[in-house]
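As the structure is a computational prediction, the values presented were derived from the model and not from experiment. Every chain is numbered from 1 and lettered A, B, ... according to where its sequence line falls, protein lines coming before strand lines.
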Amino acid sequence: MAAVHAKKNAPSRELLEKIFRTAYRIRVFETEGIKLYRQGLIRGYFHPYLGQEGIATGVCAALKEGDYIASTHRGHGHCIAWGADVKRMVAELLQKETGYCRGYGGSMHIADIRAGNLGANGIVGAGTPLGVGAALAAQIRGSDAVTVTFTTDGASNNGTFLESLNLAAIWNLNFILVIENNQYAVSTRIEESTRETDLYKRGLSIGVESHQIDGNDPLAVYHLTIEAADKCRAGKGPILIEAKTFRHMGHHVNDPGKYMPEDRLAYYKARDPIDRARNALVEISGAEKSEIDAIESEIAAEFEEAVGFAKNSREVTAEEFRQFAAAY
Amino acid sequence: MAAVHAKKNAPSRELLEKIFRTAYRIRVFETEGIKLYRQGLIRGYFHPYLGQEGIATGVCAALKEGDYIASTHRGHGHCIAWGADVKRMVAELLQKETGYCRGYGGSMHIADIRAGNLGANGIVGAGTPLGVGAALAAQIRGSDAVTVTFTTDGASNNGTFLESLNLAAIWNLNFILVIENNQYAVSTRIEESTRETDLYKRGLSIGVESHQIDGNDPLAVYHLTIEAADKCRAGKGPILIEAKTFRHMGHHVNDPGKYMPEDRLAYYKARDPIDRARNALVEISGAEKSEIDAIESEIAAEFEEAVGFAKNSREVTAEEFRQFAAAY
Amino acid sequence: MREIMYREALREALDEEMQRDPNVFVIGEGIAERGGSYKVTEGLLAKYGPKRIRDTPIAEAGMIGVGVGAAIAGARPIVEILYVDFAMLGMDMIVNQAAKFRLMTGGEGRVPFVLRTQGGAGGGVAAQHSQSLEALFYHIPGLKVVMPSVPADAKGLLKYALRQDDPVMFLEHKHLYMTKGPVPGGEHIVEFGKADIKRAGKDVTIIAWSNMIPRSLEAAESLAAEGIEAEVVDPRTLVPLDEETILTSVAKTHRVVIVQEAVRRGGVASDIASIIQEKAFYELDAPIEIVAGLNVPIPFNLELEKASVPQKSDIIAAVKRSLYVPSYAMAAE
Amino acid sequence: MREIMYREALREALDEEMQRDPNVFVIGEGIAERGGSYKVTEGLLAKYGPKRIRDTPIAEAGMIGVGVGAAIAGARPIVEILYVDFAMLGMDMIVNQAAKFRLMTGGEGRVPFVLRTQGGAGGGVAAQHSQSLEALFYHIPGLKVVMPSVPADAKGLLKYALRQDDPVMFLEHKHLYMTKGPVPGGEHIVEFGKADIKRAGKDVTIIAWSNMIPRSLEAAESLAAEGIEAEVVDPRTLVPLDEETILTSVAKTHRVVIVQEAVRRGGVASDIASIIQEKAFYELDAPIEIVAGLNVPIPFNLELEKASVPQKSDIIAAVKRSLYVPSYAMAAE
Ligand SMILES: Cc1ncc(C[n+]2csc(CCOP(=O)(O)OP(=O)(O)O)c2C)c(N)n1
Ligand SMILES: Cc1ncc(C[n+]2csc(CCOP(=O)(O)OP(=O)(O)O)c2C)c(N)n1
Ligand SMILES: [Mg+2]
Ligand SMILES: [Mg+2]
C-alpha cells in the first residue's frame, strides 16, 4: 500500500508495474472466482468487479500505510488493491477458518481490518459514514491518515451520502469519497434513478471539492487520488471523485445482465482498464511481452495456490461457533 | 385556501387583505399562545413561528382546494395559513377533546387532515417524504393537486431531504419543497452545519428547479409559489424554494435565544413580515388605518373566543382513551 | 384444489387487488421490468403500467416515507423492501410516522400502507441479509404484523391487508417463495387475527410461523411415528394475535413449544410465552419451551448458518423435554 | 456519602474517562456550547475543546454511522441522540453495522461505541418523544443495553461502557436527570451484568429498571405498610442480563411482578418472564405479572399520558394479584 509518488508525465516503471499487477490480480481473482462459484464452491452473493478494476487499483496505489478504506458490496477489488493476501480471500469465500473473517463474513463482508480495510458492506451506502468515522478517528488522534470510501452511483441517492459527506465537510476531514459510477444499480439505469447523472455535482452543492474522471484509466485515477490525498493532508479535505465505469457482466454471478446494451458494453470493453494498465507498462516503460507474460503467469499461479490453500483449510465447527456466540 | 390569482404588479385588495389577515392571525396566535403557555395551560413543546409568518402566508395563499401541505415541528403558522379553525387549534394545545387531534397530538402534531394538512411533525425532516407521498398519490389518481412540504435549514442536512426530493424529481411530481431557512437549528448556526449555506443549490444538483427568496416578503413568496404551482401542474415539478428568514425569539418558548446576535435580529425585525403585509395593504390598496385596526381587533377577538371555546371543552377521559387503544 | 407457489399466490393477490382498486400501487427496487428479486411482481408492469408499478432508487427511508405519505393521502401503496434487514433504513418512517399517525391525529388520519419484505436465513447471504426481525415491528403499537407460511395464507392475508386502514408489515420468507400449496380459486381472503391449526394433535402444542411451520410439521410427523401427537398452531398474524386459539390448544395439551427462527432474546416467542403463563398458568404441566435462533448474527458459513437457526431435531428435542421423555428431560435447562 | 444528580453523575463519568483516555470523544446536537438538552455535557467543551466535544447537524443516521466508523478505527466515540425515538433514523447503523461488525469480521473487528440517549414519557412531549424502546435493541445480538436508575449506577455503568469493546446502547430517562442520589467519590465503576437489589424483601420479587425503579420503590413502601415485603431487583443492564440474581430472588419469594414503562407487547418484561418460567417453573406460586405501558403510542394529553404508562397503583395491584389478596385476585385476567 505504500504510495509510489510519481510525476504525472513520467510514471516510474515501479508504479506502472504495481498498477498492472494489481489490476490483473483483481481480474484473475474475479474470473477464476466465478468458476469456483459455478462449481458450487462459493455460496451466497458474489458481485464481480470485472471492468471496474481501474478504480480500486488507481486509488489504492495512491494511499499510504496507516490510511483506511471502506468498501462496497462489490468489494473484492478494493481488498486486493489494498494488498490483501489472496489466499485468505479465497479461503473466506470458501467459508474457511483461515479466511479473513473465519468464514463468518463471506464476499459481502470481506475485510482486512488490521491493514485498515474496514470491509465490504451488504448495505448499499453504509460504507460512507463508516469511512467518515475512520477519518474522524484519525483527526482526533492527530494523525494525517486519509480514508477513502468507495461508493456507488446507487448509493448516491441514499441519505447516508448527504449526511456523511456533509459531516466530513464541516469537520474538514481527510476523507475522499470515490463514487464508482457504473451507471447501473442491478438492472436500473442511472437515468431512471436521478435526473442529474453527473454525480460529482452533489459534492459541489455542499461545498466539497469534486471531480469527475474516467474510472477505466487507472493511471489517471492514481494521479487524481494523489492530489486529493495531498490536499486532504494539507487540511483541504474532503474531496469527492466520481469515476465513470461500466460492469463487464451482470450485477452478480447469477445475473445474465441482458439489460446492458451491447454497444455500451463494447465501448467500455474497448477501454478495458487491464489493457490500459498493460499498455501503459509496455508503452511508457517499455516492458517486454515476455515480462508481461511472466507477471501474468505469476499471478495466475498465485491464485491457483490460493485455491489449494483454501481447499485444504478447515471450517470453524458448530461447537466453536457456539463458543464464539456465547459472548453475545 | 382558494388561490386568489393576481398579476405580479397589481395584487388585488382581496389578496392583500387575505395575506395580511393570515399573517396577523398567526402573529396573534403565537403571541397569545405563549402567554397561555406561561400560565401553565399548555404543556410540552411549543415552537413559535414568530418572524417566519411571511412564508406560510405567501405559500398557502397560492394553493388551491384539494392541494396538500405537510409541516414541521414549528407548525402553527402553516396550519393557520391553511385555513384551520383557530378554536380547534387552541383546543388542541389545551389538550381538549375538541382539538384537531382530540388532544392526542398537541403542538408538534397539529394537523387538519380533512383539509389536506398532513400535519406538523416531531421528527425533523420527516414531512418531506410524507409530502412527496401525497404528491405521488395525487399523480396516481390523476389529480393535478400540488403538495407543499415546509421544511427547514436543519432538515436539509438530513438524508430524507436528498432521498425524497430525488424521488419527486424522477417522478415529475407536483411537489414544492419550501425550505424555511431561519439560519438556526436550536442554537446551532447554519454555518456550523454546512459549508454551503445557499441551500437551494442542493436542488439544482439533482436536477430540480430551485429558487431562493426573501421569506419575510409574503407577497413575493406568494407570487413565486403561484409560478411554482403552475409549473407543477404543467408537469414541470418538483420545485424547490429556499425562503430566508429569522426567528423573533428562541427555538421554543423556554429558550431565551441568547445566542442570536442582536444586530441580525434587529435586521430581520426591521423586515417584519407582518409589517410588510400591512404596508402592502395600505400602500397598494390604500386601506385606511381604521380598516386595519378593525381587522386586527377582529382577529384578536377571534383568538379570545377560541380560548374560551377551548377552556370550556372537555378532555378525553382515560376510559375513552383505553377504548381507543383497544384497537391497537 | 389447484396448487400454486407462494410467490404466485402473492402475485395473484396483487393482481386481483390492483384490478379491483385503482388506488393500489407498488413501488420497490427492480420490481417493474425485472419483476422483483423473487419474481413476485412479474407481469404486473405490462398489465398496470409504469404509473402503478414503479422502480425506485436505493432509498429505503425515502420510499417507505413516500409510501406512508401516499397512504395518508388516500392511496393504497405497497412498498417492497428487498430484505427486511434494509427496512432498518426506514425505521423512523415505520415507527414514528406510519405507526403513530392515527393516534397523533386523534384517530382522524389513517395509513392504509403495506410494506412487503422477506426475511430469514438460508443460502449463505450472511449477517445483513438473513435476519428475522418481526419482534421489532411487533413491539410498535400501530403496526399489524403478518407472517404467512403457505401460499393460501399468503394470498388471503395480502388481499385482506390491502383492504384495511392500518399499516401492515407483511413479512415473507425467502425460503418459501418456491414452495407449493393448495390455494382456492376465486376470491380468497384471510382475515387478520385468526390462527390456523396446521396439524391437529393432543399431546403438545407447537406454535410457529413463517418458515418454521414446514419445519415444525416435519418434526410433528417424526414425533407421530413415535406416538407423540403434536398440534401445530400457526398464528399467521402476530399482530393481532389470536390468543383464543392458542389458549384453547394449551388447555387441551398442557404442554407448549414455541418455535421461531429469530434469535431467542426478546423475540415474539417470549411474548407469547408470557401471555400463556399469565392466562393459562394452571394449565401448564411443563415449562414452555422456546426453540429459537442463537443470540448471534447469522454467519456466512453454511454449516454455521444452520447451527444458528432452529432445525427439526431441535424442535423434536424440545417437545420431548416438555413431555419429560427420559434422557431429554435431563437436557432441560 | 455525597449526593449528586443523575446528570451530574453522567457528566463526571464523561469527564473522568475523557481525562483518562484521549480517544474518548462526544458528538451530538447542541452538546458543545449549549451543553446538551439535559445539560449532561455542560462544561466539557471548555475543558476538552471542540475537537473532542462537537456539535453535529440534524443527521442521526450520519452521526451514528460516523461514530461506529470511528470506533472501528480505534477511537471511543460517544454519540448523544437527543431522544431515543430519533435513534430510529440510525437503526441501520445500529443493527446492521455496529451490532454485526464483530461477527462479520470473524471476531477481528471491534466496535467500542457508546450511544447515549434518553427515553420515557412525561411532560406532554407526545408520541414521537416519549417512547421506551429498549426492546428493539435488546433483540439485536451484539448490542449491550444499559438502563441506569440512580446516579451511582449511571456513573459507574457509563465508565464501564467506555472501557469495553462492544457497542453499548446507554438509555437514560428524561425524568431521572434531576434526581439525586449518593455516588461514591473516587473511581466508581459498575460492571455490566450485575443486578442490584434496590430493596430486600421476602414476599414478592419486583423486577424493574430505569424510571420504574423509583416508582416500584414507592409501591414497595406502601405495600410494606400493609405488611407485604417486596424485593426490588434492578438488572441495571438488560444485556447482559443477570439471570442468577433474578432466579435467586424468585426462589426466595415465589412470586414475580415485572414492571416496564415500555408497551406490554413484545417488551423486555416478556422475555424475562419467559426465562423465569423456563428456569424456575417449579418455584412459581402464581403467574408472573407484567405491569407495562398500554399498547398504544403515547398521547399528548397529560392525564392520558399517565394512563398509558405504569403508575404506582398498578404495581401495587399486580403485587396483590400475585399474592392472591382477595378482591385483587378477581381482577387477574
Ligand atoms: C440499502 C440496500 N438496498 C438494497 C440493496 C440490494 N442491492 C444490492 S446491490 C444493489 C444495486 C447496487 O447498485 P449500485 O449501488 O450502483 O452499486 P453497483 O452494484 O453498481 O456496484 C442493490 C439494490 C442493498 N444491498 N442495500
Ligand atoms: C430527527 C430529529 N432530530 C432532532 C430533533 C430535535 N430538534 C427539534 S427542533 C430542532 C432544531 C430544528 O432546526 P431546523 O430544522 O432548522 O428548524 P427550526 O427549528 O429552525 O424551524 C432539533 C434539533 C428532532 N425533533 N428530530
Ligand atoms: Mg452502480
Ligand atoms: Mg432552522
Side-chain angles (χ1 to χ4, degrees), chain C residues 60-61 85-97 99-100 102-104 126-128 131 133 135-136 138-142 238-239 241 262-279 281-282 284 286-290 294-300 332-333, chain D residues 60-61 85-97 99-100 102-104 126-128 131 133 135-136 138-142 239 241 258 262-275 277-279 281-282 284 286-290 293-300 332-333:
Chain C
E60 281 76 11
D85 316 70
F86 310 161
M88 296 300 96
L89 288 149
M91 271 304 258
D92 174 63
M93 289 294 146
I94 298 169
V95 170
N96 290 326
Q97 309 298 334
K100 299 196 170 26
R102 183 177 177 184
L103 170 113
M104 293 187 306
Q128 294 171 334
Q131 292 169 90
L133 294 176
L136 271 49
Y138 182 86
H139 186 53
I140 302 299
L238 298 177
V239 182
L241 183 70
V263 304
R264 170 66 178 84
R265 187 186 292 130
V268 173
S270 303
D271 199 61
I272 297 177
S274 79
I275 294 168
I276 296 172
Q277 76 80 32
E278 182 188 332
K279 300 196 172 167
F281 187 73
Y282 299 101
L284 290 172
I288 299 163
E289 293 278 342
I290 294 178
L294 277 186
N295 289 323
V296 72
I298 306 279
F300 168 64
E333 159 39 334
Chain D
E60 280 76 8
D85 316 69
F86 310 161
M88 296 300 95
L89 288 150
M91 271 304 256
D92 174 64
M93 288 295 147
I94 298 169
V95 170
N96 290 326
Q97 309 298 334
K100 298 195 172 27
R102 182 177 177 184
L103 170 114
M104 294 188 304
Q128 295 172 335
Q131 293 169 88
L133 293 175
L136 271 48
Y138 182 85
H139 186 53
I140 302 299
V239 182
L241 183 70
I258 313 179
V263 304
R264 169 67 179 83
R265 187 186 293 129
V268 173
S270 303
D271 199 63
I272 296 177
S274 79
I275 294 167
Q277 77 80 32
E278 183 188 332
K279 301 197 172 166
F281 187 73
Y282 299 100
L284 291 172
I288 300 163
E289 294 279 342
I290 294 179
L294 276 187
N295 289 323
V296 72
I298 306 279
F300 169 63
E333 159 43 334

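- Although no hydrogens or angles enter the test, the distance criterion places no donor-acceptor pair under 3.5 Å between the side chain of Asp85(D) and the main chain of Asn96(C).
- Using a 4.5 Å cut-off between heavy atoms, Ala126(C) does not touch chain D at all.
- The part of Ile140(C) that comes within reach of chain D is its side chain, from C-beta onward, which places non-hydrogen atoms under 4.5 angstrom from that chain.
- Scanning for salt bridge (charged side-chain N to carboxylate O under 4.0 Å, His left out) contacts around Arg102(C) gives Asp166(C), with sequence neighbours left out.
- Arg265(C) CZ to Leu294(C) CG: the interatomic distance, rounded to the nearest 0.5 Å, is 11.0 Å.
- Closest approach of Ile290(C) to Ala273(C), counting heavy atoms only: CD1-CB, 4.1 Å.
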Give the intermediate values and the outcome of side chain to side chain contact (heavy atoms under 4.5 Å, CB included) for residues Val95(D) and Met91(C). CA-CA 11 Å; Val95(D) 170; Met91(C) 271 304 258; over 6 Å; no

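- Between atom CD of residue Gln277(D) and atom CD of residue Glu289(C) there is a gap of 8.5 Å, rounded to the nearest 0.5 Å.
- For Val268(C), no part sits under 4.5 Å from any heavy atom of chain D, backbone or side chain.
- Gln97(D) contributes atom CD, which lies 5.5 Å from atom CE of Met104(D) (distance to the nearest 0.5 angstrom).
- Both the backbone and the side chain of Ile288(D) come within contact range of chain C, with heavy atoms under 4.5 Å apart.
- Residues passing the salt bridge (charged side-chain N to carboxylate O under 4.0 Å, His left out) test with Asp271(C), sequence neighbours excluded: Arg264(D).
- Contacts of Ile272(C) with chain D are absent, with no heavy-atom separation under 4.5 Å from either backbone or side chain.
- The parts of Leu284(D) that come within reach of chain C are both its backbone and its side chain, each placing non-hydrogen atoms under 4.5 angstrom from that chain.
- Contact annotation for Ala61(D): neither backbone nor side-chain heavy atoms come within less than 4.5 Å of a heavy atom of chain C.
- Comparing Pro141(C), Ala262(C), Gly90(C) by heavy-atom pairs within less than 4.5 Å of chain D, the highest count is held by Pro141(C).
- With a 4.5 angstrom heavy-atom cutoff, Ala269(D) does not touch chain C via any of its atoms.
- In this structure, the separation between NE2 on His139(C) and CG on Asn295(D) is 9.0 Å, given to the nearest 0.5 Å.
- Interface remark: Tyr282(D) contributes side-chain atoms only to the contact with chain C (heavy atom separation under 4.5 Å).
- Proximity to chain D (any heavy atom under 4.5 Å) is restricted, for Gln131(C), to the side chain, taken from C-beta onward.
- How far CD of Gln128(C) is from CZ of Phe86(C): 8.0 Å, rounded to the nearest 0.5 Å.
- For Ala87(C), no part lies near chain D; criterion is any non-hydrogen pair under 4.5 Å.
- Proximity to chain D (any heavy atom under 4.5 Å) is shown, for Leu136(C), by both the backbone and the side chain.
- Interface residue Ala99(C): only backbone heavy atoms are found under 4.5 Å from chain D.
- The choice from Phe281(D), Phe300(D), Tyr138(D) that makes the most heavy-atom pairs within less than 4.5 Å of chain C is Phe281(D).
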